[in-house]
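As structure tokens, the structure follows; a few thoughts come after it.
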Number of protein chains: 2
Amino acid sequence: MNLKKLSTLLGLSQTTVSRALNDYPEVSEATRKRVKDAARAYNYSANTRAKGLATGRSMAIGHVIPISTQHEMVNPVFADFIAGAGEIYSRNDHDMLLSVVADIDEERIYRELAAKASVDGVIIHGPRANDPRIKLLQELGLPFVVHGRTSDEVADYSWVDVNNRRSFQRATEFLLDLGHRRIALINGLELMDFAQRRKDGFLAAHANRDLAADPALMVSEEMTEDFGYRSASEMLRRALPPTAFLVSSMIAAIGVRRAIGDAGKKMGRDVSVIIHDDELSYLPNGVEIPIFTAAKSSVRLAGQLCAKMLLDIIASGDRTPHNKLLETELTLGDSTGPAPEGG
Amino acid sequence: MNLKKLSTLLGLSQTTVSRALNDYPEVSEATRKRVKDAARAYNYSANTRAKGLATGRSMAIGHVIPISTQHEMVNPVFADFIAGAGEIYSRNDHDMLLSVVADIDEERIYRELAAKASVDGVIIHGPRANDPRIKLLQELGLPFVVHGRTSDEVADYSWVDVNNRRSFQRATEFLLDLGHRRIALINGLELMDFAQRRKDGFLAAHANRDLAADPALMVSEEMTEDFGYRSASEMLRRALPPTAFLVSSMIAAIGVRRAIGDAGKKMGRDVSVIIHDDELSYLPNGVEIPIFTAAKSSVRLAGQLCAKMLLDIIASGDRTPHNKLLETELTLGDSTGPAPEGG
DNA sequence: AATCATTTCCAAAGCGCTTTGAGTAACCAA
DNA sequence: TTGGTTACTCAAAGCGCTTTGGAAATGATT
């Protein structure tokens, strides 16, 4: 079924049918209803490509998912982020175009996306500390929103981010208040901007109390369960083990918990753990009582906000940067307690 | 930059330039090179929609991601599957179109996808025991490949699946061989086809030895960490607790492990655990020694295979069903051991 | 009855590409 | 010179839609 057939069937011109379907005012309500009913009956929807070609818009948003070439790994927050963004797109008749690509040739993909005009805008995932993609997209003139920020304060662009610095500073202060003095930071890859900010917050909390954070207790890597396990195991075997862990993700924290168990210690009593929780749907932090004390921030919500922001930017044509900084919520679980005596 | 400008620039007709770029034989090598160089220099790529409109193909594959309306949850294997499929698409100049949709109105989405002709084919995720989507897509004439199968043996369609039945039968036999007699099955939602097959395998292993599986030790739900924890905790508190757990996913198994720890028992000694491992990139089953004894099967590979199969089907026009059944690999970890005496 | 607004509808151009059907130039053989 | 190949290149139609610039029908006003 196409417009031509449908309009012949209805005894109307293509123009009228098109206008009826697209809610133009110059069509009578009676005609509009008749047209829409027929469209439904014959299961007609305008051909995406023809419509896009005529309007110059693709009604699609691109998400470029970089696969870490080192670890061949997909970011686990990705699924929930996509779910959030996807809801918004569906609700606004937009499609989501996903490109899975080795982080090496991301630049090529963005150029192509722009040249082929296959999307009206893109979401940038996992910004690095100093990310070339931002300048690139500005040059290409493709609207975009960054999930996160780069450390480069010069560039002006739209982003949605969590206040990672403040969140980690608060979490660290929380542990310091409990008397902990040897706090380990299990952080994400330091080339990622968010990991930098988290580390800054961690250090700032120490500095504010004239304490020095121990560099030997700060590690950063891709946040897998295994990384959490390995680093915590090793630290717990030391002569002076940490009494608390501040962990950048639920998944790494699961590894830390395993290491604590293997070391014959009890989490919350012998060793405290506080985590950043992205509220992944398949890894809820407990259901009634939280397992971990956590600074939480829904990555799914972030997906919704990014999508909404980008659609707004595209629809309004307003190119001034929009920003949204989300604060985390600190929830108490069983994984934290006062530092053990003489710990 | 578009074809018209590029061809004027080169002093050629649009036809010649188009043919040069699309490797038609009736263009001299010298001309072709000149055209391709210019395209690169001016960063020209054919407009997706115009090209699609002219060719009648979209060069895009649709993935419809159902969000469980009950739990608002995304399947955690999704990210890795997508990564696998995405690699294949990139390599073959195809795009991936994602629709995130409440499982309730999936049908509408498929109809739209077909009517709008926005994709050349689709991948079906998470088939239910008796899935209406298969008949629907056959009616719509949209090529598709199912990741998994439905139990409805009548319909003929293309799929890539893991031999879940055999895998779980083997795993159960492995536990029975170790002397376990009270084995718990922590399974996925039974409306999903794969959960049915896994249960069948579990039951078959018992039946083959004239043993009866205890229905009170078989639970099924959406596979979260919390579900694993709750059900294992409850079972371990019983007068006659299970001595072994067969768990349908890594994530649920992490909950089971937590429950075992909380119960003051040691995994692998007091309680055995064997899991199905999808080899999620961010949840590796240990790095040198496996944490869990596991029947493993890479979901990323499954994504690649599905994508390849679908592209083949589309390219060849061959509508006879293609199938691929993957066997799992049973790897030994520290989580299993002989049933405790008098257990 | 004539004029003017309004409402409702239409024919046709154009979006950027592929592809058909044909044309031209260059070369060779007779 | 002529005719026949071969190797290149082109103009224009068409993909299915939106949208411009009118035109026809209707109703209100003089």
Side-chain angles (χ1 to χ4, degrees), chain A residues 1-36 38-39 42-60 93-95 112-120 315, chain B residues 1-36 38-39 42-60 93-95 112-120 315:
Chain A
M1 180 58 59
N2 59 20
L3 228 210
K4 194 167 182 177
K5 282 190 202 150
L6 185 67
S7 47
T8 322
L9 233 61
L10 284 162
L12 295 173
S13 75
Q14 297 189 34
T15 317
T16 305
V17 175
S18 169
R19 292 194 142 146
L21 291 172
N22 291 316
D23 291 322
Y24 276 58
E26 51 270 67
V27 175
S28 75
E29 272 317 309
T31 307
R32 187 189 311 289
K33 182 170 182 330
R34 200 164 69 89
V35 170
K36 286 201 171 178
Y42 293 106
N43 198 23
Y44 169 82
S45 289
N47 179 296
T48 325
R49 295 184 292 286
K51 182 165 187 163
L53 186 56
T55 58
R57 295 194 45 185
S58 68
M59 298 298 274
D93 295 315
H94 276 249
D95 289 323
E112 272 187 27
L113 242 33
K116 304 204 285 187
S118 32
V119 296
D120 295 334
Chain B
M1 179 58 59
N2 58 20
L3 227 211
K4 196 167 181 177
K5 280 192 204 149
L6 186 67
S7 47
T8 323
L9 232 62
L10 284 162
L12 295 172
S13 74
Q14 295 190 37
T15 317
T16 306
V17 174
S18 169
R19 293 194 141 149
L21 291 173
N22 291 316
D23 291 322
Y24 276 59
E26 52 271 67
V27 175
S28 74
E29 272 317 308
T31 307
R32 187 189 312 288
K33 182 169 182 332
R34 199 162 71 90
V35 171
K36 287 202 172 178
Y42 293 106
N43 199 22
Y44 168 82
S45 290
N47 180 296
T48 325
R49 294 184 293 286
K51 182 166 187 162
L53 187 56
T55 57
R57 296 196 40 186
S58 67
M59 299 299 274
D93 295 315
H94 276 249
D95 288 323
E112 273 186 27
L113 242 33
K116 303 204 285 188
S118 31
V119 296
D120 295 334

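Naming: A, B, ... by sequence-line order, numbering from 1 per chain.
- Here dT18(D) presents its P atom at 14 Å from CZ of Arg49(A), a figure rounded to the nearest Å.
- Note on Lys4(A): every side-chain N or O is 4.0 Å or more away from OP1 and OP2 of dG16(D).
- Between Leu3(A) atom CG and dG14(D) atom P there is a gap of 18 Å when expressed in whole angstrom units.
- What separates CG of Asp23(A) from C1' of dT19(D) is a distance of 16 Å, to the nearest Å.
- Positionally, the nearest nucleotide of DNA chain D for Glu26(B) lies more toward the 5' end than for the other of Glu26(B) and Tyr44(A).
- Rounded to a whole Å, the CZ atom of Arg34(A) is 8 Å from the P atom of dC9(C).
- Residues Thr15(B) and Ser18(B) bring no donor and acceptor atom of their side chains to less than 3.5 Å of each other.
- Side-chain atoms of Thr15(B) lie closest to dC10(D) of the nucleotides dC10(D), dA11(C), dT18(C).
- Listed pair Thr55(A) / dC17(D) fails the phosphate criterion, with no side-chain N or O lying under 4.0 Å from OP1 or OP2.
- Distances shown here put every side-chain N or O of Ser13(A) at or beyond 4.0 Å from the OP1 or OP2 atom of dC9(C).
- Taking atom CG on Leu12(A) and atom C1' on dA24(D), their separation rounds to 15 Å, with Å as the unit.
- The 5' end of DNA chain D is approached more closely, in terms of each residue's nearest nucleotide, by Gln14(A) than by the other of Arg19(A) and Gln14(A).
- Of the listed nucleotides (dC9(C), dC17(C), dG16(D)), dC17(C) has the atom at the smallest distance from the side chain of Ala50(B).
- A donor atom on one side chain and an acceptor atom on the other are found under 3.5 Å apart for Ser13(A) and Thr16(A).
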Side chain to side chain contact (heavy atoms under 4.5 Å, CB included) between Glu112(B) and Asn43(A), worked out: CA-CA 8 Å; Glu112(B) 273 186 27; Asn43(A) 198 23; over 6 Å; no

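- For Thr48(A) (side chain) and Lys116(B) (main-chain N/O), a donor-acceptor pair under 3.5 Å exists by modelled atom type.
- OP1 or OP2 of dC10(D) sits under 4.0 Å from a side-chain N or O of Thr16(B).
- Side-chain nitrogen and oxygen atoms of Thr31(B) include at least one within less than 4.0 Å of the OP1 or OP2 phosphate oxygen of dT9(D).
- Set against dT19(C), dG14(C), dG16(C), the side chain of Ser18(B) has dT19(C) as its closest nucleotide.
- If you measure from atom OH of Tyr24(B) to atom P of dG21(C), you get 13 Å, rounded to the nearest angstrom.
- Contact check, Asn22(B) against dT18(C): a side-chain N or O comes under 4.0 Å of OP1 or OP2.
- When the C1' atom of dC15(D) is taken as reference, atom NZ of Lys51(B) falls 15 Å away, rounded to whole Å.
- Judged by distance alone, the side chain of Arg34(B) and the main-chain N or O of Glu29(B) form no donor-acceptor pair under 3.5 Å.
- Between Leu6(B) atom CG and dC17(C) atom C1' there is a gap of 13 Å when expressed in whole angstrom units.
- Using a 4.0 Å cut-off, no side-chain N or O of Ser28(A) falls inside it from OP1 or OP2 of dT7(C).
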